[in-house]
Amino acid sequence: MCGIVGYVGSRRVVPVILEGLRKLEYRGYDSAGIVYYQDSKLIKYRCEGKLSALEALIDDAIIAPSHIGLGHTRWATHGAPTTENAHPHTDCTGELVLVHNGIIENYHSLRLELQAKGHVFKSQTDTEVLVHLIEDYLENDLVAAVQQALTRVEGSYAFGLFWAQMPDTLIAVRKHSPLVLGVDESGAGYIASDIPALLPYTNQVIFLEDGEMAVIKENDMQVFDSVSGNRVQKEATTITWNAAMAEKAGYKHFMLKEIFEQPMAIRNTISGRINPETGEVTLAEINLSDEDFCNIDRIFLVACGTSWHTALVAKYWIEKYAKIPVDVDIASEFRYRNLLINDRVLTISISQSGETADTLAGIRLAKQLGSKVITICNVVGSTMTREADGTVYTHAGPEIGVASTKAFTSQLAAFFLFTIFLGEKRGTLETEKKLELAAALIDIARVIEELLPVLQEQIAQLIEGYYDCSDFLFVGRGVNFPIALEGALKLKEISYIHAEGYAAGELKHGPIALIDNKMPVLAIAPQDDLYQKTISNVEEIKARQGRIILIGTEGDKHLNTITDAIIYLPKVHDEMNPILYTIPAQLLSYEIATMRGCDVDQPRNLAKSVTVE
Ligand code: F6R
């Protein structure tokens, strides 16, 4: 998704903006641009491709003094990723400049109207109508012109703009797309699509809400309701992440670093929330009363992608231990189906970013229908956490690699905590069981930590025979079925190998037709209560000469009778298998993708935070 960075202050603006944009690269983009005010004029550079191409264009300017500017990385929606369509866009005078993230839904009619009035457009983007529309209302008062323009615009937007005739003022507006403000000790003001862009300069962040507009000068930042124009008082939040956390720290890729950070991420997620002596769970930001939890008779879990896989695992856990029926929905489906939701339903969104457009729309809808809403989220202060009644934070730290890894296992850890918490509130968990589950969760970070270095080496060797496959199947059963889905998603998104995940028992209802001696099938086969069933399914694959890779329990000799390609994992509590068995699936995808020469941190066509529908 598009990335916005803006700065007004006494530093040289170009390096600040380029560094900020670099920190947003993980969002995915296909062109980039920058504009700044220098020697009484606007200087603008735009190009297709990566930031390095933009940097090459503006080398000289990095040393030139300039104190206000905007930068943008564009993830194309309307119009191809060309230089002409790259942001910043300007009005007819060339003096008003704007960068935007989101979609202006009524751009077509606005464009026709503005063209009829003589405005000349230079791009195919929806964004360009915004800047011409503001120009149309602009006499002397830029803030008033923005306010008037906003009354005409439909859709989602976060944008930043400034005007050459007012070169001390940056304006930022947000509606349904993320935008944060930053302030530092020197009095400088920042705008950015996400917190990592600000971390090299400040950890003081102000979250803009939908419908708010910020007018930012050096030493002065004011926020208004963009409709009424009324002043809104905002407090800065101190972000505990630091800039180093968003660096690679010697790893070849963010994804690998984040895979190795999982023990820490899980520990941080559960730390201080679970009492090992009693199994009792405390969730400080949950904000719902015991009565609320006892009154619900159904739970809806809403998420996208990897976070949806977390929801699928959570369904097994919650139904088993808290004894409440759970529906799991992909957010883009949830928001458009006939929902039987009322005040006895609890809706839980799961999101790393807390900004995913479909998930956000889903919880807004659930709230309208009377449901209480909790979000399981990694980003403090993100939109979802502000809109939900309560939050269970995953404390995974910034996840930069586009493919979600540590956020996923931290979500699982957070959901397991929540399951114990709910079981406790609803009286469905015996103390003994609670202690058993708590102990299992507390121990899993240690197991993964000890395993990771050995596992990476083993998998690197194993994949040599598989990296050039064109298709891959992942299978699992029960609580591990979603891990098969997650393994397949990881592989396809970073290596571009076609991969599918199936419930192992479902193979014979269709997909088994694909099995031949070329088709690799990775089966998740821990010695749990479905072990024999899974092994029978694997035997069916073997009987059809499928190339089987097994992930199973250390010491399980039977696996050797099926295949030579085995990844052994330590025996842990059955309920921890989804967390444990995810790790080899992540490493396998990573190793295959790097062997194929893929850009694992920024896979083609993907964005980290999907803020458009
Ligand atoms: C896959 C991946 C995506 C995200 C999805 C939801 O590796 O990262 O499938 O899980 O886009 O994002 P969040 O969790 O930020 O709502």
Side-chain angles (χ1 to χ4, degrees), residues 1 24 26-28 75 177-178 193-196 253-256 258-259 262 265 269 301-314 328-335 347-364 373-385 387-388 391-394 396-412 414-415 474 482-483 485-496 499 501 582 585-590 593 598-613:
M1 295 293 111
L24 298 181
Y26 71 89
R27 295 169 67 83
W75 189 81
S177 283
S193 295
D194 200 0
I195 295 165
H253 296 101
F254 279 111
M255 181 179 178
L256 188 61
E258 287 158 8
I259 289 173
Q262 289 178 108
T269 297
L301 305 181
V302 187
C304 302
T306 286
S307 297
W308 176 66
H309 298 152
T310 300
L312 292 172
V313 175
V328 179
D329 271 83
I330 291 173
S332 54
E333 293 298 316
F334 179 83
R335 61 185 293 192
T347 304
I348 306 180
S349 69
I350 305 110
S351 176
Q352 188 285 128
S353 61
E355 303 292 350
T356 303
D358 284 317
T359 313
L360 202 48
I363 61 169
R364 285 177 179 153
V373 172
I374 291 175
T375 189
I376 299 212
C377 187
N378 194 39
V379 180
V380 174
S382 56
T383 310
M384 252 176 248
T385 66
E387 297 199 8
T391 299
V392 180
Y393 280 110
T394 48
E399 190 179 67
I400 308 291
V402 163
S404 190
T405 52
K406 63 176 180 172
F408 177 62
T409 45
S410 306
Q411 286 168 354
L412 291 175
F415 243 122
F474 288 70
I483 305 311
L485 295 175
E486 173 61 8
L489 177 62
K490 278 302 82 103
L491 185 65
K492 76 180 108 179
E493 69 181 329
I494 63 168
S495 75
Y496 318 137
T582 295
Q586 293 169 341
L587 283 169
L588 181 116
S589 305
Y590 173 80
C598 301
D599 183 351
V600 291
D601 282 337
Q602 289 167 43
R604 68 184 180 208
N605 306 335
L606 291 181
K608 180 70 183 161
S609 177
V610 184
T611 53
V612 294
E613 188 173 350

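Computed over heavy atoms, backbone and side chain alike; hydrogens, waters and symmetry mates excluded. All residue numbers in this chain count up from 1 along the given sequence. In listed order, ligands and their atoms are each counted from 1.
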Quiz item: Any chance the side chains of Thr394 and Thr269 put a donor and an acceptor closer than 3.5 Å?
Solution: no

Quiz item: Is the closest side-chain donor-acceptor distance between Gln411 and Ser307 under 3.5 Å?
Solution: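 Ser307 and Gln411 do have a side-chain donor-acceptor pair below 3.5 Å.
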
Using a 4.0 Å cut-off to any heavy atom of [X], which atoms of ligand 1 qualify?
{"X": "Ser351", "value": "13 (P), 14 (O), 15 (O), 16 (O)"}
{"X": "Ala403", "value": "7 (O)"}
{"X": "Lys490", "value": "1 (C), 7 (O)"}

Quiz prompt | Point-to-point distance, once rounded to the nearest 0.5 Å, from OG1 of Thr383 to CZ of Arg364 | solution =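 Thr383 atom OG1 to Arg364 atom CZ measures 7.0 Å (nearest 0.5 Å).
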
Quiz item: How long is the gap from CE on Met384 to CD on Gln352, to the nearest 0.5 Å?
Solution: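 If we round to the nearest 0.5 Å, Met384:CE and Gln352:CD are 10.0 Å apart.
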
Practice problem: Please indicate whether any nitrogen or oxygen in Gly305 is less than 3.5 Å from any nitrogen or oxygen in ligand 1. | Solution: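 In this structure, Gly305 places no N or O atom under 3.5 Å from an N or O of ligand 1.
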
Quiz item: Going by distance only, is there an N or O of Lys608 that falls short of 3.5 Å from an N or O of ligand 1?
Solution: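 No, since none of the N or O atoms of Lys608 sits under 3.5 Å from an N or O of ligand 1.
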
Can you pull out the closest protein heavy atom to [atom]? Residue, atom name and distance to 0.1 Å, please.
{"atom": "atom 15 (O) of ligand 1", "answer": "Ser353 OG, 2.7 Å"}
{"atom": "atom 11 (O) of ligand 1", "answer": "Val610 CG2, 4.1 Å"}
{"atom": "atom 5 (C) of ligand 1", "answer": "Cys304 O, 3.6 Å"}
{"atom": "atom 12 (O) of ligand 1", "answer": "Thr356 OG1, 3.5 Å"}

Quiz item: If you measure from atom 3 (C) of ligand 1 to every heavy atom of Thr359, Thr306, Leu360, which option wins on shortest distance?
Solution: Thr306

Quiz item: Which of these, Thr409, Leu587, Thr306, sits in a side-chain contact (heavy atoms from CB on, under 4.5 Å) with Thr582?
Solution: Thr409

Quiz prompt | Tyr590 vs Thr405 side-chain heavy atoms within contact, under 4.5 Å | solution = no

Quiz prompt | Nearest atoms (heavy-atom pairs only) where Ile350 meets Ala303 | solution =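 Closest approach of Ile350 to Ala303, heavy atoms only: O-CB, 3.4 Å.
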
Exercise. Could you walk me through whether Glu399 and Ser404 pass side chain to side chain donor-acceptor pair (under 3.5 Å), step by step?
Key: CA-CA 7 Å; Glu399 190 179 67; Ser404 190; 3.0 Å; yes

Quiz prompt | Thr405 heavy atom under 4.0 Å from ligand 1 | solution =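 Checking ligand 1 against Thr405, which is what was asked, there is no heavy-atom contact under 4.0 Å.
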
Quiz item: For ligand 1, which part of Glu493 has a heavy atom less than 4.0 Å away: the side chain, the backbone, both, or neither?
Solution: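 Within the 4.0 Å criterion, Glu493 contacts ligand 1 through side-chain atoms alone.
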
